[in-house]
Structures are given as C-alpha cells and as structure tokens.
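Both counts, for ligands and for their atoms, begin at 1 and track the order of listing.
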Amino acid sequence: MSGLILGIETSCDDTAAAVARGREVLSSVVSSQIAEHRKYGGVVPEIASRRHTENVTAVTREALSRAGADYSDISAVAVTYAPGLIGALLVGVNFAKGLALSLGVPLVPVHHLRGHIAANYIESALEPPFLALTVSGGNTQLVAVEGYTEFRTLGRTVDDAAGECFDKAARAMGLPYPGGAELDRVADDGKAGLYKLPRPVTAGEYDFSFSGLKTAVLNTVNTARQKGGEADVPALAGALRRTVCEILRDKTLAAADSIGAEKIALAGGVSANSMLRRLMADACRDTGRELYLPDPRYCGDNAAMIAVQGYYELAAGHTAGSALNAYASMGIEGTA
Ligand code: KG4
C-alpha cells in the first residue's frame with residue numbers, strides 16, 4: 001500500500017488516529033475520555049493531556065491495524081496543531097513529529113476547523129466553493145470555503161460557542177456532561193411555547209452571541225428554584241434548541257445570500273443536532289441550495305477529517321519542519 005496519510009487528533013478530550021487515501025477513509029479510531037471528565041462536569045485540561053500521552057500510540061497502532069496497513073505504508077503524517085487545549089495539542093504534535101521524523105515522511109499541520117469542514121468530503125463529492133457553518137464546543141463560525149486550503153471568515157461568535165451554550169445550559173438543568181447531545185434528546189419531549197428566550201443582537205451581521213441565551217436559561221432555572229419548584233427541563237431544552245438553531249439557520253442563509261453560495265456544509269459537534277439538521281435541510285430545499293452534512297461518526301472530533309484535510313494541505317505544499325509548535329487559538333485562514 002502507498003499514498004496513505006495518517007491523521008492524529010488530540011486537541012481536546014478525544015485521542016484519535018485514522019488512515020486515509022485521499023478522501024477515502026480506511027480506518028478511524030477515537031478513544032473518548034468523556035467518562036472521566038464527566039465526574040468534573042467538563043474537560044480537565046491536565047487530565048486530557050495525560051490520557052493522550054498514555055493512549056496515542058495504542059490508538060495509532062489500532063488505526064493502522066484496522067486499515068490493514070503498516071508504519072511503512074504511511075507517506076505523510078497529518079496532525080491537528082491549532083486551535084485547542086495547548087497541553088493536549090502538544091501531545092499530538094510531538095508524537096506526529098517524532099513519527100514523521102523516524103519514517104522520513106512529511107509532517108502536515110492541520111487546523112482543527114479546517115478538519116471539521118473536511119469531514120464533509122468523506123463519502124460525498126463536495127468541492128469548494130461553498131459556505132461552511134462550523135459549530136462545536138469551542139467555535140461557531142461562518143466561513144467561505146474558496147478552495148481546499150483557502151478560507152475567509154464571514155462571522156463568528158463574539159462570546160460563547162453554540163456548543164458551549166448548550167453544554168452550560170444543560171449543566172444548569174441537571175443534564176449529564178457533555179450536555180449538547182443529551183439536551184437534544186430531552187428537547188424532543190418538550191412542550192412548545194412554555195418558555196420564550198431572547199434573540200441576541202450582534203453588531204456584525206454574520207456574528208453570533210450566545211452568552212445572553214445561556215444566562216436567560218440559568219435565570220429561568222434559578223427563578224423556578226427560588227419559588228420552591230423546578231423548571232420544566234424538556235420544555236426549556238426545547239426552547240433553547242429552537243432558538244439557537246433558528247439563529248444558526250437565519251445567519252447562515254443571510255451569509256449564503258451575501259456570497260451567492262449554492263452549497264452549504266455543516267461542520268463540528270453541534271452539526272449532529274437533530275433540529276439544526278432538519279431546519280437547514282428545509283431551508284436549503286426552499287432556497288434551492290445543496291446541503292452537506294457530515295456523517296454523525298465524523299461530526300465530533302476524529303482524525304479521519306484531519307487525514308483528509310491533510311491530503312489537501314500536503315497537495316498545497318503546506319508541510320512543517322521539526323520546529324512545528326501548537327497554538328491554543330488561531331484563525332482558520334492561518335497557515336503553518
Ligand atoms: O466538535 P466537537 O466534538 O468538539 C469541539 O471541537 O468542540 O463538539 C463538541 C460539542 C459539545 O459542545 C457537544 O455538547 C456538542 O458538540 N454536541 C451537540 C450534539 N452533539 C454534540 N450539541 C447539540 N446537539 C447535539 N446532538
């Protein structure tokens with residue numbers, strides 16, 4: 001076998017490795033640390049780094065084994081180098097660096113959000129240009145994808161990310177971490193119209209703001225308790241889900257109009273949200289646009305998306321030397 005790219009992802013609480021040939025994924029292994037972080041109600045950065053250190057070699061071996069490949073079949077190592085938890089990122093970057101050096105193959109740095117967008121290339125024929133809505137626990141952005149390695153940010157959250165808003169609101173409602181997926185499930189049983197939440201206003205037309213919504217949910221929960229009762233969790237979860245998803249849909253459509261985008265892709269953990277997928281599907285059908293949704297396996301953090309984006313970064317000559325560093329924050333336009 002040849003022409004295989006090994007992807008490594010350790011930006012948060014998933015240790016992941018994958019093998020891909022171009023945009024065809026041969027294997028994808030994700031070792032989740034959720035059970036351990038759940039005890040603390042969120043990701044503990046030092047624990048995440050330590051678990052990556054312990055697991056990254058075994059996860060990589062497993063990815064190679066499932067692909068029926070060996071280290072000698074790997075022709076490049078792609079790794080997430082920004083943005084994310086710095087200690088967690090450094091584990092993956094140093095592992096990838098050592099591996100690339102020992103194998104004598106190129107080291108390809110991949111921006112995490114470029115990777116999330118590339119999850120849409122797996123099992124689809126999507127090609128740029130298109131508009132991407134990247135929605136995860138740490139980011140909410142509207143990005144014009146002008147080429148496989150050319151990006152222009154049109155708008156972003158000015159405070160919390162959509163996933164962070166879901167997670168913090170879910171925690172206040174007593175739902176287990178990570179709350180986004182649980183809130184999505186619980187909301188299905190919620191009575192509509194019981195709660196009305198504010199629609200935040202932002203200065204930038206394509207920017208987002210979710211911290212006010214989070215506070216409104218926290219206030220609703222606390223007010224109910226002060227009165228000796230409890231908020232109706234399914235109804236409140238339903239109101240929050242609808243409000244967040246409608247904001248995401250409306251801003252995405254406005255941004256698509258502004259750049260004349262005929263294709264829209266969702267990316268990141270929140271793109272697994274059932275209502276967001278439904279609302280976007282309806283909106284794209286009504287406006288004659290094509291909608292691309294990553295397979296649920298590739299919505300959350302994984303290394304398949306890193307290997308696939310790594311293929312395009314490598315083709316564009318974006319490789320790094322042994323001095324490659326990791327960065328906690330970096331805009332999607334940045335190159336190594
Ligand atoms: O992309 P991801 O796995 O990690 C980051 O890079 O942040 O996204 C994780 C985020 C969390 O906030 C999680 O609660 C949210 O995605 N999430 C969801 C759903 N599934 C995961 N949010 C809403 N609805 C879901 N079904």
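- For Glu36 and Arg50, the salt-bridge test fails: no basic side-chain N is under 4.0 Å from an acidic carboxylate O.
- Side-chain polar atoms of Glu313 and Thr149 form no donor-acceptor pair below 3.5 angstrom.
- Per-residue contacts place Phe166 under 4.0 angstrom from the following atoms of ligand 1 (heavy atoms of the residue considered): 22 (N), 23 (C).
- Below 30°, between 30° and 60°, or above 60°: for His116 and His112 the angle between ring planes is above 60°, a perpendicular geometry.
- Here is the list of ligand 1 atoms found below 4.0 Å of a heavy atom in His116: 1 (O), 6 (O).
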Side-chain donor-acceptor contacts of residues 86-93 below 3.5 Å, not counting sequence neighbours, with atom names and distances?
none

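- Taking the six-membered ring where the residue is Trp, the centroids of Tyr148 and Tyr121 are separated by under 6.0 Å.
- Note on Asp188 versus Arg241: salt bridge recorded, some NZ/NE/NH1/NH2 to OD/OE distance being below 4.0 Å.
- For ligand 1 and Ala272, the ligand atoms under 4.0 Å from any heavy atom of the residue are 26 (N).
- For atom 11 (C) of ligand 1, the nearest non-hydrogen atom of the protein is Asp167 OD2, 3.4 Å.
- Remark: minimum distance from atom 26 (N) of ligand 1 to any protein heavy atom is reached at Asp184 OD2, 3.0 Å.
- Between the side chain of Asp14 and the backbone N or O of Ala16 there is no donor-acceptor pair closer than 3.5 Å.
- Leu126 and Ala265 get closest at one heavy-atom pair: CD2-CB, 4.0 Å.
- Distances between N or O atoms of His112 and those of ligand 1 include at least one value under 3.5 Å.
- In terms of protein heavy-atom proximity, atom 15 (C) of ligand 1 is closest to Val270 CG2, 3.9 Å.
- Protein heavy atom nearest atom 22 (N) of ligand 1, with residue, atom name and distance: Gly180 CA, 3.6 Å.
- The protein non-hydrogen atom at the shortest distance from atom 2 (P) of ligand 1 is Asp301 OD1, 3.6 Å.
- No donor-acceptor pair under 3.5 Å is formed between the side chain of Arg156 and the backbone N or O of Gln141.
- Near Gly163, with a cut-off below 4.0 Å to any heavy atom, the atoms of ligand 1 are 12 (O).
- For Lys168, the salt bridge (Lys or Arg N to Asp or Glu O under 4.0 Å) test picks out Glu164, with sequence neighbours left out.
- One option in Cys12, Gly269, Ala161 has a heavy atom closer to atom 1 (O) of ligand 1 than any other, and that option is Gly269.
- Interface of Gly138 with ligand 1, defined as ligand atoms under 4.0 Å from a residue heavy atom, comprises 7 (O).
- Ligand 1 places these atoms under 4.0 Å from at least one heavy atom of Gly300: 3 (O).
- Protein heavy atom in closest approach to atom 10 (C) of ligand 1: Gly137 N, 3.4 Å.
- Of the protein's non-hydrogen atoms, the one nearest atom 23 (C) of ligand 1 is Asn273 ND2, 3.4 Å.
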